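I'd like to ask some things about the structure below.
Computed from a predicted model, the values in this text were never measured in an experiment. Indexing begins at 1, ligand by ligand and atom by atom, following the structure's order.
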Amino acid sequence: MVKQADLVIICVTVGVALGVLIACATFFAARWYKKRIRLIRSSNDPGSTTLPIRTNGLEASTEISASLTSSIAVSGSDNLQRKTHYFGWWNHQTKDPVSPASGILKYSYKEIQKATKNFTNILGEGSFGTVYKATMATGEVVAVKMLAPNSKQGEKEFQTEVLLLGRLHHRNLVNLLGYCVDKGQRMLVYEFMSNGSLSNLLYDEDKDLSWDDRLQIAVDISHGIQYLHEGAVPPVIHRDLKSANILLDHSVRAKVADFGLSKEEVFDDHKSGLKGTYGYMDPAYISTSKFTMKSDIYSFGIIIFELITAIHPHQNLMEYINLAAMDYDGIDGIIETQLVGKCNLEEVRKLAKIAHKCLHKSPRKRPSIGEISQGIMMIKQRRLVKEDTMSFASSNYSRTLSRIEDQQVELSRIATTMNQREGR
Ligand SMILES: Nc1ncnc2c1ncn2[C@@H]1O[C@H](COP(=O)(O)OP(=O)(O)OP(=O)(O)O)[C@@H](O)[C@H]1O
């Protein structure tokens with residue numbers, strides 16, 4: 001029989017255990033409830049939902065709206081088009097859609113009108129609209145892209161461009177300085193790239209691009225893409241890499257331009273919803289409609305071959321590449337004539353090999369932008385080491401030569417002294 005005292009002890013123990021259990025349950029339930037409330041609040045406030053852009057040694061600087069990045073970031077499918085509802089908050093805040101935190105300036109129509117001399121100084125024309133050269137009140141020279149009227153596609157691209165570029169900064173991306181939403185017009189203000197586009201430089205008659213320039217341009221582009229793919233969090237896919245979207249500054253340093261400007265009209269298969277530019281488009285994307293970082297890599301491979309051959313992808317570049325791939329030195333036969341005899345063939349072959357890997361049929365087998373970047377840098381560095389070794393060798397040789405000359409002078413001096421003594 002259980003004694004009464006034991007019964008009391010058992011009851012107290014069970015009671016205490018039950019109390020502790022209830023206290024724990026209440027504590028965890030309260031924490032879970034608080035967390036949920038916080039999550040609901042933040043999801044209702046797009047402005048506060050920001051994800052950091054990782055610097056990763058790639059010179060990123062600010063933050064990016066989560067709602068935007070989820071539509072731009074890597075997904076493997078055609079997210080950009082499907083997730084346009086994320087821009088809903090933009091449409092409800094048309095007064096000043098860009099957060100001041102983005103660090104870009106808002107201009108009035110009048111300011112831009114004055115800076116462009118009433119829109120007379122045209123730099124070029126793209127599917128987005130006309131691009132003007134402008135001198136702002138501060139004296140700064142900029143490029144102004146004016147959105148063509150009634151362009152729905154352009155409207156979306158405009159939003160993407162302002163939101164994304166306003167927060168992505170890298171020395172190899174064309175910097176967005178400001179924007180204008182005024183008098184029914186939408187404009188983007190960029191840093192001015194005085195040497196225009198790579199395609200203009202490659203295909204204009206009076207261009208002059210040395211092999212060194214081209215190698216440096218390849219390095220610059222790779223760094224721009226590396227920042228997008230590996231520096232930004234979440235990663236960003238450009239989707240329309242081509243020589244026309246690579247701009248060059250006064251010292252022929254290259255920057256990647258035209259983010260978020262998907263151009264349906266360039267590729268005439270509207271039904272498929274494919275975006276990009278014919279000739280640069282990854283065949284795997286065409287067959288699967290899945291756009292990945294490796295599709296950007298494919299386009300970059302085409303740009304590298306343009307740098308080597310100055311053959312436009314619309315002029316059977318792929319056929320020349322395939323022919324050249326049959327021999328180790330096949331690329332020698334399609335190097336742009338301007339470069340023949342003025343470039344290091346070994347370097348050209350190495351760069352072509354990297355470009356070839358970018359065009360691999362299977363996207364998975366294409367290298368990452370980090371690997372490509374490293375590969376191109378190695379071509380440059382190897383040359384520098386060679387030059388260093390040669391100059392070291394030649395400086396050693398001249399030092400030995402001058403030592404021999406010194407010794408000869410000394411010997412002849414001794415001989416003269418001895419002769420003089422003997423003569424005395
Ligand atoms: N930041 C800039 N600085 C100097 N010139 C520029 C700048 N941006 C664009 N341009 C000039 O304007 C032209 C048109 O540019 P835009 O980006 O609108 O079109 P695109 O890229 O050539 O073609 P598409 O938009 O059809 O792909 C370019 O070829 C270039 O010469």
Side-chain angles (χ1 to χ4, degrees), residues 80 104-105 107 112 115-117 119-136 140-149 151-158 160-162 164-166 168-180 185-207 209 217 220-221 224 238-268 270 274-281 296 299-300 302-303 306 312-314:
L80 188 65
I104 61 165
L105 299 168
Y107 293 101
I112 306 266
T116 55
K117 295 191 177 130
F119 303 101
T120 50
N121 207 346
I122 296 177
L123 284 171
E125 201 90 39
S127 53
F128 185 90
T130 311
V131 184
Y132 302 92
K133 187 175 176 180
T135 308
M136 305 313 283
E140 190 179 11
V141 179
V142 297
V144 176
K145 209 178 254 192
M146 186 188 258
L147 176 68
S151 158
K152 269 200 178 168
Q153 185 68 27
E155 170 77 26
K156 196 167 72 201
E157 290 159 356
F158 181 83
T160 308
E161 193 87 344
V162 175
L164 185 65
L165 256 189
L168 291 176
H169 297 287
H170 185 268
R171 67 165 174 269
N172 298 115
L173 299 185
V174 175
N175 214 1
L176 181 73
L177 306 172
Y179 70 102
C180 167
Q185 297 286 356
R186 285 167 194 271
M187 295 177 240
L188 296 165
V189 180
Y190 294 98
E191 63 177 304
F192 178 63
M193 302 292 285
S194 58
N195 268 307
S197 72
L198 176 61
S199 75
N200 285 346
L201 265 188
L202 280 176
Y203 306 115
D204 272 5
E205 302 249 315
D206 55 350
K207 46 123 204 234
L209 266 185
I217 289 170
D220 289 340
I221 303 171
H238 186 287
R239 300 171 62 97
D240 197 17
L241 286 170
K242 56 179 176 176
S243 55
N245 282 342
I246 306 299
L247 299 179
L248 300 134
D249 69 8
H250 59 282
S251 41
V252 202
R253 295 303 296 262
K255 302 192 186 209
V256 178
D258 269 5
F259 292 88
L261 299 187
S262 37
K263 296 169 183 70
E264 253 172 349
E265 54 274 22
V266 182
F267 190 77
D268 58 8
H270 285 269
L274 288 173
K275 293 171 181 203
T277 303
Y278 176 72
Y280 295 87
M281 222 187 265
D296 271 356
S299 311
F300 183 36
I302 296 286
I303 297 175
E306 280 186 274
H312 196 279
H314 293 172

Find all atoms of ligand 1 within a distance of less than 4.0 Å from any non-hydrogen atom belonging to Glu125, and give their numbers and elements. 14 (C)

Nearest option to atom 11 (C) of ligand 1, as decided by whichever heavy atom of Leu188, Leu176, Val174, Leu123 sits closest: Leu123

Looking at every non-hydrogen atom in both residues, tell me the closest pair between Lys255 and Leu173 and how far apart they are. CD-O, 3.7 Å

Do Tyr203 and Ser243 pair up side chain to side chain, a donor and an acceptor below 3.5 Å, judged on atom types alone? no

What part of Lys242 sits under 4.0 Å from ligand 1 if we count only heavy atoms: the side chain, the backbone, both or neither? side chain

State, with a plain yes or no, whether a side-chain heavy atom of His169 is found less than 4.5 Å away from one of Leu176. no

Audit row: Leu198, Asn245, side-chain contact (heavy atoms from CB on, under 4.5 Å) steps and yes/no: CA-CA 8 Å; Leu198 176 61; Asn245 282 342; over 6 Å; no

For ligand 1, which is the ligand I care about here, please tell me if Tyr190 has any N or O atom under 3.5 Å from one of the ligand's N or O atoms. no

His250-Asn195 side chain donor-acceptor pair, cut-off 3.5 Å: no

For Leu247, is at least one N or O under 3.5 Å away from an N or O on ligand 1? no

Would you kindly specify which portion of Lys133 sits under 4.0 Å from ligand 1, judged on non-hydrogen atoms: side chain, backbone, both or neither? neither

Just jot down the ligand 1 atoms closer than 4.0 angstrom to any heavy atom of Phe192, in number order. 3 (N), 4 (C)

Identify the residue among Val189, Val162, Leu188, Asn175 that makes a side-chain contact (heavy atoms from CB on, under 4.5 Å) with Ile104. Val162

Any atoms of ligand 1 less than 4.0 Å from a non-hydrogen atom of Ala143? List them with their elements. 1 (N), 2 (C), 3 (N), 7 (C)

Using distance alone, decide if ligand 1 has a nitrogen or oxygen within less than 3.5 Å of any nitrogen or oxygen in Asp240. no

Check: Phe192 and Asp249 side chains under 4.5 Å, non-hydrogen atoms: no

Near Lys145, which atoms of ligand 1 are under 4.0 Å from a heavy atom of that residue? 16 (P), 17 (O), 18 (O)

Any heavy atom of Thr277 under 4.0 Å from ligand 1? The part involved is neither

Hey, does Tyr179 have a side-chain heavy atom less than 4.5 Å from the side chain of Met187? no

